[in-house]
Amino acid sequence: MKKIALLLVFTIALNTVAAQTKKKQILLLGTFHFENPGLDVAKVNTFNVMSDKSQKELENITNKIKKFGPDKIFVEWNYQKQDKLDKFYNRNADSLLHIKADEIVQIAVRSAKKLGHKKLYGIDYNNTDFPYDSLVKGMTAANQFDLIKKNEDEMKQYEIDQNKKIAKYNLTELLLDLNTKASNEENIGWYLETATKGGKTDNFVGAYLVSEWYRRNLYMYALIQKLTESKDDKIMVLLGAGHTAMIREFVEHNPEFEIVELATVLK
């Protein structure tokens with residue numbers, strides 16, 4: 001009997017350790033801005049997510065997200081205005097889906113309602129700087145004309161590539177493309193390969209811009225960690241693809257999380 005009792009204690013202890021070390025699954029869903037306010041440096045065409053075809057795709061996408069079953073959904077909304085997000089979420093969801101193209105509505109609200117969630121979680125941090133104009137001025141003052149041309153060429157090529165995809169791909173294909181390894185690397189590459197070089201040797205405007213971008217994303221990552229409770233087995237993070245590319249870098253160094261790819265969820 002003593003041996004049986006010891007075996008039971010040992011088994012319970014092993015199960016407890018396993019439960020404590022089980023990784024939380026995180027779906028990082030990077031997207032483009034469905035309503036395209038034109039605030040990004042690179043200018044791309046607007047994709048119509050309100051068409052019948054796209055709406056059917058969104059139903060399928062969110063049904064797959066429901067099957068994945070995240071316990072919480074985090075969105076690109078100022079965390080200091082959570083009360084407004086709560087009021088927004090509690091509005092009539094059906095009417096929102098028909099009048100608002102925003103990705104928070106079309107993906108996050110739609111998914112959360114299907115999952116029976118009581119709220120969405122805002123994690124955006126907006127008290128940062130993004131001095132792009134100062135970066136270009138710093139390049140000019142430093143006579144970095146090759147770097148200026150490289151920057152302009154990269155932006156132009158990005159716009160051309162994205163507009164070709166928008167004209168060719170359906171919504172599901174666009175989202176899958178934005179969440180590939182190549183796309184993630186491209187989103188980070190500009191900051192570390194081009195922006196950081198900007199300015200004279202005593203002018204770190206480029207590095208400052210990059211540090212502010214990192215800070216914004218790092219603060220969002222901190223909020224994800226703080227708001228994810230021990231009872232949460234799965235979470236979803238819906239942000240612009242540039243943000244999720246950075247969040248991915250942070251998550252990959254955290255043994256508590258396991259990244260679930262969008263392609264796996266939608267297969």
Side-chain angles (χ1 to χ4, degrees), residues 20-33 39-41 65 68-86 89 102-104 107-109 111-112 117 119-132 175 178-193 195-196 206-265:
Q20 290 174 342
T21 57
K22 182 182 178 181
K23 293 186 176 182
K24 296 181 182 298
Q25 294 187 324
I26 177 171
L27 169 61
L28 296 173
L29 205 172
T31 184
F32 58 96
H33 292 302
L39 299 178
D40 295 330
V41 175
I65 291 171
F68 169 64
D71 298 297
K72 284 189 175 79
I73 296 177
F74 300 95
V75 297
E76 195 172 330
W77 186 293
N78 190 327
Y79 84 102
Q80 295 174 311
K81 299 179 180 179
Q82 180 66 43
D83 58 334
K84 292 186 178 180
L85 177 57
D86 292 340
Y89 180 71
D102 184 276
E103 63 273 13
I104 291 178
I107 296 180
V109 170
S111 298
H117 288 188
K119 65 186 298 180
L120 297 172
Y121 295 83
I123 58 168
D124 200 4
Y125 181 83
N126 303 117
N127 298 325
T128 55
D129 195 9
F130 196 86
Y132 182 76
L175 291 175
L178 281 172
N179 288 274
T180 60
K181 181 179 180 181
S183 180
N184 288 321
E185 290 176 349
E186 184 179 12
N187 276 313
I188 295 176
W190 177 84
Y191 292 96
L192 300 178
E193 296 170 15
T196 49
Y208 172 73
L209 180 150
V210 175
S211 71
E212 285 290 275
W213 179 247
Y214 263 86
R215 184 161 72 95
R216 182 180 175 188
N217 289 287
L218 189 59
Y219 281 25
M220 286 197 280
Y221 175 58
L223 286 167
I224 292 170
Q225 291 177 293
K226 292 176 181 180
L227 293 169
T228 299
E229 301 174 271
S230 58
K231 65 181 181 180
D232 298 327
D233 295 321
K234 301 176 182 179
I235 61 172
M236 183 178 98
V237 179
L238 177 72
L239 303 169
H243 297 297
T244 53
M246 197 72 73
I247 300 293
R248 175 181 288 268
E249 294 289 304
F250 303 146
V251 171
E252 287 177 347
H253 293 284
N254 188 339
E256 296 178 2
F257 286 105
E258 173 189 9
I259 295 174
V260 176
E261 301 297 342
L262 179 63
T264 301
V265 172

Could you state the interatomic distance from [atom1] ([X]) to [atom2] ([Y]), rounded to the nearest 0.5 Å?
X      : Y      : atom1 : atom2 : answer
Trp77  : Lys84  : CH2   : NZ    : 8.5 Å
Gln225 : Met220 : CD    : CE    : 13.0 Å
Glu185 : Thr180 : CD    : OG1   : 8.5 Å
Ser230 : Glu256 : OG    : CD    : 11.0 Å
Asp124 : Leu223 : CG    : CG    : 9.5 Å
Glu261 : Asn179 : CD    : CG    : 8.0 Å

Donor-acceptor pair, side chain of [X] and main chain of [Y], under 3.5 angstrom:
X      : Y      : answer
Glu76  : Gly240 : yes
Lys119 : Ala112 : no
Asp71  : Asp233 : yes
Thr196 : Leu192 : yes
Asn217 : Trp213 : yes
His117 : Pro70  : yes
Thr244 : Ala241 : yes
Asp232 : Thr228 : no

To check you understand the geometry: which heavy-atom pair defines the closest contact between [X] and [Y], and what is its length?
X      : Y      : answer
Asp129 : Glu212 : N-OE1, 2.7 Å
Leu85  : Gly122 : CD2-N, 3.4 Å
Leu120 : Ile104 : CD1-CG2, 4.1 Å
Asn78  : Asn126 : ND2-OD1, 2.9 Å
Ile123 : Val237 : CD1-CG1, 4.2 Å
Asn127 : Arg215 : O-NH2, 3.1 Å

With the side chain counted from C-beta on, respond yes when [X] and [Y] share a heavy-atom pair under 4.5 Å apart, and no when they do not.
X      : Y      : answer
Leu175 : Glu103 : no
Leu238 : Phe74  : no
Ile26  : Glu258 : no

Got a sec: does the CD of Gln80 have more than 12 other heavy atoms crowding it under 6.0 Å? yes
What do you reckon, is NZ of Lys81 surrounded by more than 12 foreign heavy atoms closer than 6.0 Å? no
Starting from the C-alpha separation in whole Å, work towards a yes-or-no answer on side chain to side chain contact (heavy atoms under 4.5 Å, CB included) for Phe250 and Tyr214. CA-CA 10 Å; Phe250 303 146; Tyr214 263 86; 4.0 Å; yes
Can a cation-pi geometry be assigned to Lys234 and Phe68, taking NZ or CZ under 6.0 Å from the six-membered ring centre and within 45° of the ring axis? yes
Within 45° of the ring axis of Tyr121 and under 6.0 Å from its six-membered ring centre, is that where the NZ or CZ of Lys72 lies? yes
Please state whether the rings of Tyr125 and Tyr79 are parallel, tilted or perpendicular, taking 30° and 60° as the class boundaries. parallel
Check the pair Ile247 / Ile224 against side chain to side chain contact (heavy atoms under 4.5 Å, CB included), numbers first and verdict last. CA-CA 10 Å; Ile247 300 293; Ile224 292 170; 4.2 Å; yes
Taking side chain to side chain contact (heavy atoms under 4.5 Å, CB included) as the criterion, tell me which of Ile73, Val260, Leu262, Leu239 meets it with Leu29. Leu262
